[in-house]
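Since we're looking at a predicted model, the values are computed, not measured. The sequence lines fix the lettering, A, B, ..., with proteins before strands; numbering per chain opens at 1.
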Protein chains: 2
Amino acid sequence: MDTLTALGKFREHVETYVKLNDVEWQALAPLLEVNILKKKKNFAEPGKVCNQIGLVVKGAVRYFLVKNGEEITGYFSFENELLSSYKSFLTRQPGENYIQALEDCQIVTLSYKAMQQIYGDVLIGAKMERFGRLIAEHYLICYEDRVSSFVTQTPEERYNKLMETGGDILQRIPQHYIANFLGITPVSLSRIRRRIMKISA
Amino acid sequence: MDTLTALGKFREHVETYVKLNDVEWQALAPLLEVNILKKKKNFAEPGKVCNQIGLVVKGAVRYFLVKNGEEITGYFSFENELLSSYKSFLTRQPGENYIQALEDCQIVTLSYKAMQQIYGDVLIGAKMERFGRLIAEHYLICYEDRVSSFVTQTPEERYNKLMETGGDILQRIPQHYIANFLGITPVSLSRIRRRIMKISA
DNA sequence: AAAAATTCTTATCTTTTGTTAACGTTTTGA
DNA sequence: TCAAAACGTTAACAAAAGATAAGAATTTTT
């Protein structure tokens with residue numbers, strides 16, 4: 001995908017939250033970068049401050065951390081979704097997890113420095129401040145739902161829900177990552193799948 | 001606590017995120033209300049849109065929903081913490097959970113209407129927009145950590161963590177609510193506690 | 001093309017959790 | 001104050017999940 005199209009995707013994404021006129025977009029666009037992240041390469045690493053927020057324009061990434069020598073996957077981002085070690089990005093403290101490309105990715109990034117600069121911009125600051133609020137609110141709701149699913153649902157119910165609403169996650173992502181995402185082991189997910197197969201058969 | 005002191009608590013809370021001068025505070029204060037919420041009374045209910053965000057000035061509340069005829073507790077708010085069915089508040093859709101006073105509470109509230117009005121205010125709008133962003137970011141980080149705890153920790157590890165960092169939660173909140181909060185049954189939590197007792201004895 | 005690594009399933013065994021019920025204690029409310 | 005409700009622990013059993021290992025199928029790498 002060429003740079004201009006990629007930037008356009010970023011504009012589209014911003015505009016799902018706040019409308020921009022062309023002048024405002026001209027103020028924002030120069031601060032963006034379009035990057036390639038090859039499969040297995042890291043966008044963020046534990047111990048390092050995450051200095052970018054990004055929009056996945058093409059590809060998919062996986063969030064994970066290493067515990068007892070094992071990788072535990074907590075999240076994914078796909079096309080037209082933001083990615084960032086957001087806590088690290090916001091707090092300016094070293095992050096705890098990797099963000100790694102599952103496929104070759106194209107990512108439009110905005111640096112923390114540019115983000116702060118733009119919050120203070122007379123022309124577009126207020127709108128970006130609102131954008132910042134709305135994306136935080138958006139992801140807050142996502143996390144709220146996810147916490148609720150852990151408290152109120154069994155692993156099997158969570159998996160069923162993911163089949164209904166997860167889009168192409170189940171096709172694109174290796175199953176043992178999905179298991180982590182659901183808070184269970186890969187072996188356990190395999191058993192759940194078998195239980196479901198038997199019931200529906 | 002008298003009204004003025006309660007309002008002062010609200011100002012203090014806002015000022016942990018953005019500083020306000022007296023003029024700005026005079027624009028904000030008239031939009032606030034100080035309410036009493038008696039024990040067992042609901043601040044929010046499923047099926048109703050949550051029209052207020054509130055600051056707990058005194059007391060504590062519990063978030064729960066009813067599933068299969070049973071109450072499942074997902075969260076709490078204590079003194080100097082915000083409370084709201086935030087998803088419902090933001091999306092203007094009916095909420096799914098109760099927010100109920102665990103003790104007699106004093107709560108400073110700000111309505112959705114007032115919040116939108118203040119976002120558009122020339123004098124203080126930009127600052128409140130930033131406040132809205134920062135609290136969303138703050139709670140986003142809280143939820144992110146909580147999701148992470150479900151994915152990477154066992155119930156026993158979550159309980160140990162809560163003992164270390166949970167402040168007076170364990171003293172103030174009935175244990176079966178804590179169990180829900182940790183994503184397990186009350187019986188299971190009782191067993192975990194016994195295991196820990198034996199080990200440390 | 002062959003070797004290595006990854007992925008998923010299945011089996012076995014152990015541990016943990018869920019479920020239900022009983023019991024004593026404490027708290028609540030009429 | 002007295003009965004009812006709520007709370008925490010324990011027990012017994014069933015269900016589910018974790019740990020480990022083996023094996024087949026697929027994908028990746030060399």
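When the nearest nucleotides of DNA chain D are assigned to B/Ser190 and B/Lys40 by heavy-atom distance, the more 5′-ward of the two goes with B/Lys40. DNA chain C is contacted by both B/Gly183 and B/Lys39; B/Gly183 maps to the nucleotide lying nearer its 5′ end (nearest heavy atom per residue).
Between B/Leu189 atom CG and D/dC7 atom P there is a gap of 14 Å when expressed in whole angstrom units. Distance B/Ile184 CD1 to D/dT9 P: 12 Å, rounded to the nearest Å. Look at CZ on A/Arg194: it is 9 Å from C1' on C/dA11, rounded to the nearest Å. For the pair A/Leu182 CG and D/dA16 P, the interatomic distance rounds to 16 Å; values are reported in whole Å. Spacing between atom CG of A/Leu102 and atom P of D/dT27 amounts to 16 Å, rounded to whole angstrom units. At whole-Å resolution of the value, CD in A/Glu103 and P in D/dT28 are 11 Å apart. As a whole-Å value, the separation of B/Ile72 CD1 from C/dG18 P is 11 Å. Taking atom CD1 of residue A/Ile192 and atom P of nucleotide C/dT10, one finds them 14 Å apart after rounding to whole Å.
Listed nucleotides: C/dT9, D/dA19, C/dT20. Nearest to the side chain of A/Thr185: D/dA19. Here C/dT17 is the nucleotide among C/dT17, D/dT10, C/dT9 with the atom lying nearest to any side-chain atom of B/Ser188.
Aromatic ring orientation, A/Tyr112 versus A/Phe89: perpendicular (interplanar angle above 60°, classes split at 30° and 60°). Taking the six-membered ring where tryptophan is involved, the planes of B/Tyr17 and B/His138 are perpendicular, since the angle between them exceeds 60° and thus also 30°. In this structure, B/Phe131 and B/His13 have perpendicular ring planes: the angle between them is above 60°, well past the 30° mark.
Scanning residues 158-180 of chain A for heavy-atom distances under 4.0 Å to DNA chain D yields an empty list.
Between A/Phe181 and A/Phe76, a ring centre-to-centre spacing shorter than 6.0 Å is recorded. For A/Tyr63 and A/Tyr75, the ring centers are positioned less than 6.0 Å apart.
Nucleic acid contact class of A/Pro186 (heavy atoms, under 4.0 Å, all strands): none.
Among residues two or more places apart in sequence or in another chain, the side chain to side chain contact (heavy atoms under 4.5 Å, CB included) test is passed with B/Gln175 by B/Leu189, B/Ser190, B/Arg193.
Residue B/Arg195 places at least one side-chain N or O closer than 4.0 Å to OP1 or OP2 of C/dT17.
Side chains of B/Thr109 and B/Asn35: a donor-acceptor N/O pair is present below 3.5 angstrom, by distance only.
Scanning atom types as modelled, no donor and acceptor separated by under 3.5 angstrom connect the side chain of B/Arg191 and the base of D/dG8.
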